[in-house]
**Student:** 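Submitted below is the structure of interest, expressed as structure tokens.
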Amino acid sequence: MKYDFGTIEKKWQKIWEEKKCYAASNTSEKQKFYALIEFPYPSGEGLHVGHPRPYTAMDIVARKRRMQGFNVLFPIGYDAFGLPTENYAIKHKMHPREVTKRNIARFTSQLKMLGYSFDWDRVIDTTDPDYYKWTQWIFIKLFENGLAYKAKIPVNWCTSCKCVLANEEVVDGVCERCGSEVVRKEKSQWMLKITAYAERLINDLDGLDFIERVKIQQKNWIGRSTGAEVDFATTAGDTLRVFTTRPDTLFGATYMVMSPEHALLEKWFPLFKNKEEISAYQEAAARKSDFERTEMAKDKTGVELKGVRAINPVTGNEIPIFISDYVLATYGTGAIMAVPGHDERDWEFAKKFGLPIIEVVKGGNIEEAAFTDCQTGVMVNSGFLNGLTVEDAKLKITEWLSGKGLGEKKVNYKLRDWVFSRQRYWGEPIPLVFCEKCGWVPIPEKELPLLLPEVESYETTDNGESPLSAMKDWVETSCPSCGAPAKRETDTMPQWAGSSWYFLRYMDPHNSSALVGKEAVDYWNRVDWYNGGMEHTTLHLLYSRFWHKFLYDIGVVPTSEPYSKRTSHGMILGEGGEKMSKSRGNVVNPNDIVDEFGADTLRLYIMFIGDFEKAAPWSSTAVKGCKRFLDRVWNLGERVMDSPDSGYSPENESAINHTIKKVGEDIESMKFNTAIASLMSLVNELSDKGCSKADVKTLVCLLSPFAPHIAEELWEMLGGKGLCCEQPWPSYDESKMVDATKVIAVQINGKLKTTVTAPTDCADAELTALALSDEKVRRATEGMELSKTIIVKNKLINLIIKPQRS
RNA sequence: GCCGCUGUGGCGGAACUGGCAGACGCCCGGGACUUAAAAUCCCGUGAUGCGUGAGCAUCGUACCGGUUCGAUCCCGGUCAGCGGCACCA
């Protein structure tokens, strides 16, 4: 019989579904294991060949855990709100809900085609009102706890999407999604105070089993820096406060710089002697986008504020103040003390404007460049700090400043609050009402979900307001608090909202009275293993940690972190090593591969392709190798089908035990490629040497997480009881892995000469004698004296020889 | 510029804690089967040189150096590529 993958795969998918083999229980006595993948955005293009990489990886882990006796939760859902669907709907004059429905149906059939062991009874969809009810509920809780606020801020505005973007969504000055130009625009926006959690988001990383590069990237993104705030008196009478990480260099501060948007500038304006110059600079800066500003980073510009000067608090010297756009309004206090001797930017600016550069840390040559090293330098020209190290000087000056009431220790973060409004239709409506008397008021919980109204047009209005704003009947409402006429918020939430808590809903997806029931969340606790893309490190992963911590603070969840372990996969590239994209025409459709080779071959190949953490190019010829392997496994099955069911054949026992160990360990460390390689080696060996039914049954069990359909079919053919996916994971016996003899490498002076076969655990003297008696060794050592012997047990012997003394 | 990662055959990639570099697979070459082809099976396959031949020798993990009996692995330096951040004081 031929290996007919098409029939086999459909057959077992149906049986698994009917028997609900992969349904997780919320009340099991077994130990729980929660495996999570990032749920897909159901795009119109359907499943991409990149999707199966992380899905298959976690499916393998989940399947192995079930065989090891765990109660496994391995869920799937759809993150379905968002722009592409809405844009498609506009273009084709459809309702986004219809587009979403259609796309989800397509994704579902493709995922089922690949034989994943998802619990299909727990599917969630972020656009389902029963789901987004709870997204809205969380928003109201954030609002009630002072973590959601509305602010008029300059926002990133995508000229094509006609929509506000979060800082994280702007890449190289263009929209991450559509690549169009992003401009600055003043708008009133809902903000989430993620900065209130900055400290905890950094500190709590320490206790988590996240791959190191994720931790590092999150830490860099949050960007903690420790320093001090220092007050400078000015001739205008006001105090100018700055933030610095180098308070030790205060004696070297020879001028100051304020951002062009600094609030004091308006107040001081009448005092300026060069009003026109200053205004012109401010206007030019305001016109530039953030991107343009950084583009011009090389060339420093600025204008001196003539008429106002500052006083250095330690030297008492009057120093000039400049405005320059290299100082950001949104970081620290929006003003800096400039220490050109020890800061590269200040040095550049001082050189350009001919300002004095004073050395206060010895160790460099400040004529040539700023000396920024904090490790080696010693303080000079710094009064009472002279002779101290930089570290000691920081402590002493900070103490001195706070003693005098001139400043204090301060920690700053690069992380900004999260811009949470979107002026689009296809998102969760923000469940708040504005009342002239009461301000912003949440709608009562019993009115949730606040449904998306049916609108005529999904397009953003010409004035940049949400399409919902055109729905007069919907917008006009009454204040839940005082009953007066009031207006609904018309912005919707960003796509990141629904994905910030979805893993909790999987624990208890049908609960209508809570986002997750207490028993369910106490049982499942948190995600044990979450695999996802590096591109979500500073977006989804950070956002969901933030929401989870908030839910922990208000007592909804029992853990302060959502995920115990986080791993990451590399991208699947096109055949030539380039990114797969429609425009390059190198996109591989998983359906084509499944039609030609079967789902098991696709699963196997995508795991065999290379190191899971690294990017790997697709190869259409290499897929065939995996199909050949499965054919060979099939042949082995047919060969032993009618044999009696006795134990392992003695000649294969060692190899089988080795493979069990190797495959098990490799799955845990996500080295799927070498796990498959060892299965291939075993198959080669069983084919060559011959094998028993028990040998093949064990092979089939080991293969089943990778290629579950063929495994079930072979298990049945071999007369196995029950389903293969429900068998216990094979165990190995170390004592059976010992071979009688070992091949030992023989080196002479560190160079490989030959190999000898010696009994396992051969005594040193015996091995040395054996090596010396070898013909090649004898020739090489002739006339030489053996001065030293190095032996690595069961591996190698190194004979150190030198010419014989005469 | 800063932070992180990576450099191994024609290709994707292996190599546990410093111990036979190139597992496994692809491609390619030769052979068997076949009227023929596909499929399958068997053999070969890092480079160079020597040898009719079994084989032998030398070189080889981006580059230069160090430590070691022994280095793809550890240390110092250089180069190249990828990813993230980017005037964050």
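Below, read A as the first sequence line, B as the second, and so on, with proteins coming before strands; counting in each chain starts at 1.
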**Student:** Which nucleotide, B:rG19, B:rA89, B:rA23, lies nearest any side-chain atom of A:N798?
**Tutor:** B:rG19
**Student:** Should we say atom CD of A:E535 is surrounded by more than 12 heavy atoms from elsewhere, each under 6.0 Å from it?
**Tutor:** yes
**Student:** With the threshold set at 4.0 Å, does a side-chain nitrogen-carboxylate oxygen contact exist between A:D417 and A:K193?
**Tutor:** no
**Student:** Check every strand shown and say whether A:K776 touches a base, only sugar-phosphate, or nothing at a heavy-atom separation below 4.0 Å.
**Tutor:** sugar-phosphate
**Student:** Assess whether a salt bridge exists between A:K352 and A:E348, defined as any Lys/Arg side-chain N lying under 4.0 Å from an Asp/Glu carboxylate O.
**Tutor:** no
**Student:** For B:rG65, what is the paired nucleotide under Watson-Crick or G-U wobble rules, both distances under 3.5 Å?
**Tutor:** B:rC75
**Student:** So what's B:rC11 paired with, Watson-Crick or G-U wobble, going by both distances under 3.5 Å?
**Tutor:** B:rG25
**Student:** Nearest to the side chain of A:Y331, which nucleotide is it out of B:rA89, B:rG19, B:rC24?
**Tutor:** B:rA89
**Student:** Is it the case that B:rG4 (base atoms only) and A:Q217 (side chain only) share a donor and an acceptor within less than 3.5 Å, ignoring hydrogens and angles?
**Tutor:** no
**Student:** Counting only side-chain nitrogens and oxygens, does A:S225 get under 4.0 Å of the OP1 or OP2 atom of B:rA89?
**Tutor:** yes
**Student:** Please determine, for B:rG18, whether a Watson-Crick or G-U wobble partner exists with both distances under 3.5 Å, and give it or none.
**Tutor:** none
**Student:** Does A:K614 make a side-chain donor-acceptor contact with the base of B:rC5, cut-off 3.5 Å?
**Tutor:** no
**Student:** Looking for any heavy atom pair under 4.0 Å, which part of the strands does A:D346 touch: base, sugar-phosphate only, or nothing?
**Tutor:** nothing
**Student:** Checking contacts here: which listed nucleotide (B:rG19, B:rG12, B:rC24) is nearest the side-chain heavy atoms of A:P617?
**Tutor:** B:rG12
**Student:** Write down the partner of B:rU35 under the Watson-Crick or G-U wobble criteria, each distance required to be under 3.5 Å.
**Tutor:** none
**Student:** Does the base of B:rC20 carry an N or O that pairs as donor and acceptor with the side chain of A:K751 under 3.5 Å?
**Tutor:** no
**Student:** Identify whether any heavy atom of A:R779 sits under 4.0 Å from a base atom; if not, whether one sits that close to sugar-phosphate; answer base, sugar-phosphate or nothing.
**Tutor:** nothing
**Student:** Side chains of A:R416 and A:T330: is there a donor and an acceptor less than 3.5 Å apart?
**Tutor:** yes
**Student:** Output the single nucleotide from B:rC24, B:rC85, B:rG19 whose closest atom is nearest the side chain of A:K414.
**Tutor:** B:rC85
**Student:** Ignoring backbone atoms, establish whether A:N673 has a side-chain N or O less than 4.0 Å from OP1 or OP2 of B:rA23.
**Tutor:** no
**Student:** Rounded to whole Å, please give me the gap between CZ in A:F608 and C1' in B:rC24.
**Tutor:** 5 Å
**Student:** For B:rC5, which nucleotide is its Watson-Crick or G-U wobble mate, given both distances must be under 3.5 Å?
**Tutor:** B:rG81
**Student:** Considering just the side-chain nitrogens and oxygens of A:R628, establish if one lies under 4.0 Å of OP1 or OP2 belonging to B:rC26.
**Tutor:** yes
**Student:** Between the side chains of A:E38 and A:R566, is the shortest nitrogen-to-carboxylate-oxygen separation below 4.0 Å, so that they form an ion pair?
**Tutor:** yes
**Student:** Please name the nucleotide paired to B:rA57 by Watson-Crick or G-U wobble geometry with both distances under 3.5 Å, or report none.
**Tutor:** B:rU48
